[in-house]
Amino acid sequence: MPLPYFEVDVPIRSTGQPGLRGVHVFTGPADSRSAAVRIAHEVYDAARVSDLEL
């Protein structure tokens, strides 16, 4: 049986343009809402580390 899809809104802001803000939605399969939030945080954290390394 396929896993349900969840959407998690993650606030974003531009480091290059401080007034620029928005919301990015991560969507994907997860076995629960808490798993969806955990996955979204992991992706967000990885993106922040990647951005800091540039």
Side-chain angles (χ1 to χ4, degrees):
M1 183 164 132
L3 296 175
Y5 273 75
F6 289 87
E7 295 180 6
V8 180
D9 296 339
V10 180
I12 59 174
R13 65 180 174 81
S14 171
T15 56
Q17 297 175 325
L20 189 59
R21 296 176 187 270
V23 175
H24 186 82
V25 179
F26 292 98
T27 312
D31 57 5
S32 67
R33 177 163 168 63
S34 61
V37 171
R38 178 185 50 77
I39 293 165
H41 278 286
E42 289 172 1
V43 172
Y44 176 78
D45 291 343
R48 284 190 55 205
V49 168
S50 177
D51 186 43
L52 293 174
E53 291 176 351
L54 293 178

Excluding sequence neighbours, so at least two apart, what forms side chain to side chain donor-acceptor pair (under 3.5 Å) with Arg33? none
Non-hydrogen atoms of Ile39 and Pro29 that approach each other most closely: CD1-O, 4.2 Å
Please enumerate all residues that pass side chain to side chain contact (heavy atoms under 4.5 Å, CB included) together with Pro4, with sequence neighbours excluded. Phe6
